[in-house]
Amino acid sequence: MKKRLYLGVDVGSVSTNLVVINEQGDVLEKLYLRSEGNPIKSVQKGLAHLGETIAKHTLLGVGVTGSGRQLIGRILGADLVKNEITAHGMAGLFTDPTVKTIIEIGGQDSKLILVRQGTVVDFAMNTVCAAGTGSFLDQQAGRLNISIGDFGAIALRSKYPVRIAGRCSVFAESDMIHKQQMGYPLEDIVAGLCEALVRNYLNNVGKGKEILPTALFQGGVAANAGIKAAFEKELGFAVKVPEHFEVMGALGAALLVRESKMENGEETSFRGLRLCEAEIAIDSFTCSDCPNHCEVVTVLIGQERISGWGDRCGKWQHLAKEATG
Amino acid sequence: MRIGLPRALLYYWFGPAWKAFLQEIRLMPVVSRMTTKEILKQGVRVGVDEACLPVKVYLGHCLNLMSECDLLLVPRIVNLRKKEFICPKFMGLPEMVKAAVTNEYGPEGKERVLVWKSEHRSFWDAPPALPDYLRKLAGPGKIKTGLHRAKQVFREYRALLHQGYLPDEAEEILAGKNVHRREQGAAGLGVIGHPYCLYDHFLNMSLLTLLQRREYNYAVFTPELFSEEELSAEVADLAKPIFWTLGRRMLGAVRALRKKHVAGIIHLAAFACGPEALIGELIRRECQSYGLPLLQINLDEHSGEAGLLTRIEAFLDLINTHAHRREGIGCG
């Protein structure tokens with residue numbers, strides 16, 4: 001029997017994630033791919049992976065979220081383009097209806113979403129600083145010459161984590177080198193880094209927010225048991241890592257498009273699996289028609305110019321519409 | 001003689017009146033164009049580190065105007081109201097401008113900066129505050145009629161803002177142009193902040209227009225919609241009066257907006273603004289006590305549109321859900 005499916009895509013700075021759910025919201029397939037600076041390629045790769053499932057069954061809708069949602073949304077012909085906060089909130093609430101706090105730490109973003117009585121009531125995002133995100137850990141793991149995959153396990157071995165200045169990744173490095181020279185064992189330094197990240201997150205993103213259990217920890221960094229432990233130590237209660245923690249944004253986008261399709265019943269505007277092989281090119285330039293100097297981006301699928309954006313005046317968005325009729 | 005007026009900081013408060021004054025005394029006002037990336041870049045380059053973003057924008061406008069005018073009119077504003085203050089950076093503004101233009105144009109640049117000192121008592125009626133130079137240029141007796149005209153235009157301008165026109169719309173109306181009233185959405189949304197954060201479309205990435213676009217369709221209310229009396233009355237019961245005029249207006253606006261049943265409030269603050277850091281906390285507590293959704297955004301020169309849009313979209317989703325809840329539709 002043909003299943004009725006929804007696709008969710010989360011285009012982040014570090015990873016591109018795809019999730020296929022059925023009408024009940026169960027996750028049938030999930031993919032976590034490194035974006036490697038080319039989210040379009042990653043999405044094409046992901047689609048090719050899921051091609052068989054999608055071709056066999058009926059795809060009813062596509063939802064896109066993440067920092068690259070506008071670009072990918074237009075390329076895919078998505079039915080719904082949503083911000084990451086709403087998407088993560090949706091996925092968290094669906095996974096655990098009792099949730100009060102969602103901690104999401106990704107590659108360059110970290111978010112805190114507060115939920116009360118089943119609705120998002122407040123949220124915060126990191127600003128220009130990436131010291132409380134996955135990239136910070138990646139960088140420090142590189143300096144310590146250990147794999148990011150081992151990071152959590154090493155941290156858990158520590159009995160006496162050292163205190164490392166986590167306010168800024170530049171200062172963290174000098175502090176860490178100093179601790180190495182003082183002869184502290186590796187696991188204590190690694191655990192110290194985990195605590196530094198958590199401290200930074202709570203001081204920065206969590207400033208003035210009431211963090212209550214049940215707390216869900218999602219995003220790629222939730223794979224790191226050391227960070228989870230550091231959160232639990234700092235907050236004083238257990239933090240839950242949901243089964244699909246690494247693809248919660250994509251799951252949220254899929255759930256949101258499912259909700260909207262169930263309401264409006266419209267057909268999907270998805271461009272189809274032909275996108276896997278299509279030649280997709282981006283053309284960007286600085287428009288110098290006025291002193292705003294907008295960075296305008298347009299996308300070509302094959303010969304077809306599908307859209308332009310980035311302009312404050314709307315001229316290029318308009319042109320693209322004309323070009324595609 | 002062309003006199004440059006930078007379209008930044010309290011231009012959004014006094015602009016049309018300054019313009020009218022200059023016109024009345026037969027000088028040609030040259031107002032800089034809306035902030036652009038180029039203007040911001042120039043301002044950031046010449047501004048001292050400690051200056052807040054809006055001051056840097058002001059400096060950018062000054063440099064941009066230098067080639068288009070003979071003299072630059074820079075106000076030294078001490079306060080806007082009795083027993084109140086605005087940020088001391090407004091007092092030091094002429095010195096910052098002089099330093100910036102000296103860097104770019106040498107010592108002669110500094111000579112082209114005209115300082116107009118004004119206080120709440122003497123905006124429109126104290127000739128001594130005006131530079132002698134200007135008085136000589138205008139001729140005998142002219143200054144008085146000029147200031148009289150300015151006062152008149154100022155009142156008209158503020159009245160238009162109370163009616164809900166944005167500063168650029170009000171300016172067009174004063175210039176005799178026809179401005180269509182924007183269609184306002186059903187649900188109200190409060191957007192508060194210092195005028196130069198709210199009405200500088202470049203700095204806030206056209207937030208006000210964005211919120212009124214069809215897909216969001218909000219009626220946007222800013223502090224300028226309320227009269228000075230209304231706003232002061234709202235905060236009259238505070239244990240200690242707020243002496244920052246712009247801050248007091250913002251907190252007053254939060255209370256007045258609540259009575260207008262807005263769905264939520266967006267607070268736009270500028271990076272490195274001192275008074276804002278204090279008022280922001282008061283606003284946060286105030287909104288929390290009412291259960292009124294609040295989004296606080298800090299604008300800086302590194303701001304990307306992506307981060308701003310994500311926050312705005314998520315915030316609008318949040319208040320939509322709240323509104324549905326109140327109507328008992330239930331959602332999420």
Atom pair CG/CD1 of A:N83 and B:I312 - distance to nearest 0.5 Å:
10.5 Å

Does A:E295 CD have over 12 foreign heavy atoms under 6.0 Å away?
no

In terms of heavy-atom contacts, does CZ of B:F271 have more than 12 from other residues, nucleotides or ligands at under 6.0 Å?
no

Side-chain contact, heavy-atom cut-off 4.5 Å: A:V121 with B:L318?
no

Does atom NZ of A:K100 have more than 12 heavy-atom neighbours, drawn from other residues, nucleotides or ligands, at distances under 6.0 Å?
no

If I take atom CZ from residue B:F315 and atom OG1 from residue A:T86, how far apart are they, to the nearest 0.5 angstrom?
12.0 Å

Measure the shortest side-chain to side-chain distance between B:E313 and A:R69 over non-hydrogen atoms and say whether it is less than 4.5 angstrom.
yes

Pick one of side chain, backbone, both or neither for B:R33, based on which atoms fall under 4.5 Å of a heavy atom in chain A.
side chain

If you count the non-hydrogen atoms of other residues, nucleotides and ligands that lie under 6.0 Å from CD in B:E104, is the total more than 12?
yes

Looking at every heavy atom in both B:D317 and A:K82, which two are closest together, and how far apart are they?
OD1-NZ, 2.8 Å

What do the steps show when you test B:T310 against A:I85 for side chain to side chain contact (heavy atoms under 4.5 Å, CB included), and what is the final call?
CA-CA 8 Å; B:T310 298; A:I85 294 165; 4.2 Å; yes

Would the number of heavy atoms belonging to other residues, nucleotides or ligands and lying under 6.0 Å from OH of B:Y290 be above 12?
yes

Counting heavy-atom pairs under 4.5 Å to chain A, which of B:R284, B:K37, B:E38 comes out on top?
B:K37

